[in-house]
Novice: 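Below you will find the structure I want to go over with you.
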2 protein chains.
Amino acid sequence: MVNPLSQKNVNKMKNHKRFDLDENEIPKKWYNILPDLPVALPPPLSPATNEPVGPKDLAPLFPMELIRQEVSTDREIQIPHEVLERYREIRPSPLIRATGLEHVLKTKARIYFKHEGERSPTGSHKVNTAIAQAYYNMKEGVESLITETGAGQWGSALAYATHLFELACEVYMVRASFDQKPHRKTIMELFGASVFSSPSKNTDFGQQILEKDPSNPGSLGIAISEAISHSLRNDEAKYSLGSVLNHVLLHQTVIGLEAEKQFKMAEADLKGPDYVVACVGGGSNFAGLSYPFIRAKLHNGYEMEAIAAESVAASKMSDGEYKYDFGDTAKTTPLLKMYTLGSDYIPPPIHAGGLRYHGVAPSLSVLLDSGVVTPTKFTQKIAFEAAKIFVNSEGILPAPESAHAIAATIDIARRNKDKDITILFNLSGHGLFDLEGYRKYNANELE
Amino acid sequence: MVNPLSQKNVNKMKNHKRFDLDENEIPKKWYNILPDLPVALPPPLSPATNEPVGPKDLAPLFPMELIRQEVSTDREIQIPHEVLERYREIRPSPLIRATGLEHVLKTKARIYFKHEGERSPTGSHKVNTAIAQAYYNMKEGVESLITETGAGQWGSALAYATHLFELACEVYMVRASFDQKPHRKTIMELFGASVFSSPSKNTDFGQQILEKDPSNPGSLGIAISEAISHSLRNDEAKYSLGSVLNHVLLHQTVIGLEAEKQFKMAEADLKGPDYVVACVGGGSNFAGLSYPFIRAKLHNGYEMEAIAAESVAASKMSDGEYKYDFGDTAKTTPLLKMYTLGSDYIPPPIHAGGLRYHGVAPSLSVLLDSGVVTPTKFTQKIAFEAAKIFVNSEGILPAPESAHAIAATIDIARRNKDKDITILFNLSGHGLFDLEGYRKYNANELE
């Protein structure tokens, strides 16, 4: 007996196509965009003197090698052997052609994505820099890393990486997430990290806030302040940041450098995608995928649109000001020139916790200001709607953050239904930690 | 400045080694152990007549092709092109040498595992048969599949597979899990499935139970009864089972057939592992990895110990009786000869929900009875302890079910510290859906 639907079935649910790299094709060098920026990067300034901050000002916070990378003007920076060894356990990530999504959208556009969540032990791209940062700190004799985390992606990635190199790890987790998402804490603790709800009683700043408002839900800006002050009072400890800074974005370029090779496998003669899309919290995920392609755009006159997707809940790129601002709420960091909503801005509690940051990386800010990168913003509802279309056509559940890149991709694909174009986006993480958000979406309970 | 610890670091956290197959090396045929069993498989009996059940008795429940596979004596059964296409989206799964675990255990034994959770969209091996079952039902014009699920692994795998082939899917989920694990329901619903808490008001049997005990927590046996009776009253619908039956175990052999090739890559001259280990709920995961190796053991006199790890909460292999019993609580299924604790046995609510079944596959029961397979059992606490050792040495969080196989592996590796042996176990799924269990473990709240 033949199924009347079977033909429809075969047509409808297209198989997606994978382009896998051999582990020996993992890039041996990271790409540093600083020397290629159309405008020199405005230096970080000391809030006290308004003078540029020098390496020795950063020495209490970071190991020397990361400070060197932070200010380096070398286009390429060697990936240490020991880091490459660890990358081989979690990379390369596949490039996948989303033929199922293309079909559902009825578009001629060819859609590709990097799947950073598939092999990542903590489910997102954050491990790419966590491993490098833990390694350099270990080499310089640091015994403990202190950091902050919002929804928990970064904290769990650093807990994993510090465990690999036997460093202690202490994480200040934004209280709202600490209370609502106990399972990210569970993972961090499995890897031996200590997790504190922020604002906490561990730091003066945390105590001040709790005295004013014992039920303060916390914010990334507050957690950064606490992590920095905690690390500054401990000589054996350094501070670690999961985005925004040059060296963090640098480590993520392994994503785009792999994608360049895979895109050639997939599209033979083409220079690169017509659109490169990623979501933006602090900018490391966007930079990781796009900077290698932007290099080609800046040098080889290859025409490409770089689309940075943010949340309307923290739309610094679309609605922020380009100015010097603090990276944290206590105003302890150097001043960074970036698109910002103000260091005291507290975003509403959307499920895409990774996008809830008031500012964006200085290097990305330069590219936005000079028109090389175009911002776009989406509501939580639209992002989840895009995620639903994606999981139903590709079978992969995206993180709510990544869903913003999918929303942008769907928008481009629909506007170019009949055009022979290619779109590449970064699926920065899977959504298996965010099922409460999907439950609310299914139940129509999302704000 | 050199880290005094760095040498220790480099020694301690060994990198694990991956052995990846090309997608073209996914087996083209499944292996059917029935013709190779040392004793002929006792046939399923009709409870009414005590006569063997024939294909036409099964026709109301299953499509003809699956019934053919259920009784087939062909050693190899072709995997349809359309199923292979889908396998290429989720397979091959990597074989990984757990050098980190070996190091922590200070053993000379070489430990390998198949990582079925890495690429599976629902996190476990269950999709291997879900895809095949959905495909054959679609080909025969079935419009809807009805099934049961305990913790939700099977239900979400079938929801994914039915979505691929555009079948409707209705899932009876054991009430205890339905209430405690809403997120598995969320995933099933994302793939378009309807999920009912069992016992439910949908079926007479469910109603009877609820009348006696409105707060009955349900069991797999009850849920099976409800799913069967629901499917029997709907002509367009068939029933689908996630383990126990021959055709289900058959589809899982893709795991072991891949592992045979990968083990040759890893160990060159060796015939096969000295120990093959997997956990057992109904037996499909164990059969999937071990049956291809057991074939070699039965035919080529290759010496290997096949270790089946179960939970003390449902220790049918270690403590059950080998007899004809029902597969469900309402006694609606044919009688199957198997190791069983009795079809009315209700296991305590351990976190390894996939192991909470009263019986075990008839083919596996024959192998147990004839001494080809050796059972072993572990408490929940020991399984989580093993999982902790594994996540700390390999960086991968195992499902609580798989943790039982890890416990058995650790036990073997420790007993053979100084022996040049190899152990292969199946990591049937990841533990990202089971973090509540890990939270309790960390907090020392596990029974």
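Chain letters run A, B, ... following the sequence lines, proteins first, then strands; residues in each count from 1.
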Novice: Considering all heavy atoms of both residues, which atom of B/V391 and which atom of A/F191 are nearest to each other, and what is their separation?
Specialist: O-CE2, 3.5 Å
Novice: Can you tell me which portion of B/R88 sits under 4.5 Å from chain A's heavy atoms? Options are side chain, backbone, both or neither.
Specialist: backbone
Novice: To the nearest 0.5 angstrom, please state how far the NZ atom of B/K185 sits from the CZ atom of A/R439.
Specialist: 8.5 Å
Novice: Give me the contact list for residues 111-119 of chain B versus chain A, heavy atoms only, anything under 4.5 Å, ordered by residue number.
Specialist: B/E118, B/R119
Novice: Give, for atom CG of B/L432 and atom CG of A/L435, the distance between the pair rounded to the nearest 0.5 Å.
Specialist: 10.0 Å
Novice: What part of B/L190 is in contact with chain A, defined as an atom under 4.5 angstrom from a non-hydrogen atom: side chain, backbone, both or neither?
Specialist: both
Novice: How close do A/G395 and B/P121 get, heavy atom to heavy atom, and via which atoms?
Specialist: O-CB, 3.3 Å
Novice: Of all the heavy-atom pairs spanning B/H163 and A/N392, show the shortest one and how long it is.
Specialist: NE2-O, 2.6 Å
Novice: Got a second to check how far A/I187's CD1 is from B/N442's CG, nearest 0.5 Å?
Specialist: 10.5 Å
Novice: Any non-hydrogen side-chain atom of A/D20 less than 4.5 Å from a side-chain atom of B/E23?
Specialist: no
Novice: When heavy-atom pairs shorter than 4.5 Å are enumerated against chain A, which of B/H430, B/R184, B/H183 gives the highest number?
Specialist: B/H183
Novice: Check whether A/R18 gets within reach of chain B through its side chain, its backbone, both or neither, counting any heavy atom under 4.5 Å.
Specialist: side chain
Novice: If you round to the nearest 0.5 Å, how far is NE2 of B/H16 from CD of A/E85?
Specialist: 11.0 Å
Novice: So for A/Y160, is it side chain, backbone, both, or neither that comes closer than 4.5 Å to the heavy atoms of chain B?
Specialist: side chain
Novice: Between A/T186 and B/Y441, is a side chain to side chain contact (heavy atoms under 4.5 Å, CB included) present by the stated rule, with each step listed?
Specialist: CA-CA 9 Å; A/T186 298; B/Y441 171 79; over 6 Å; no
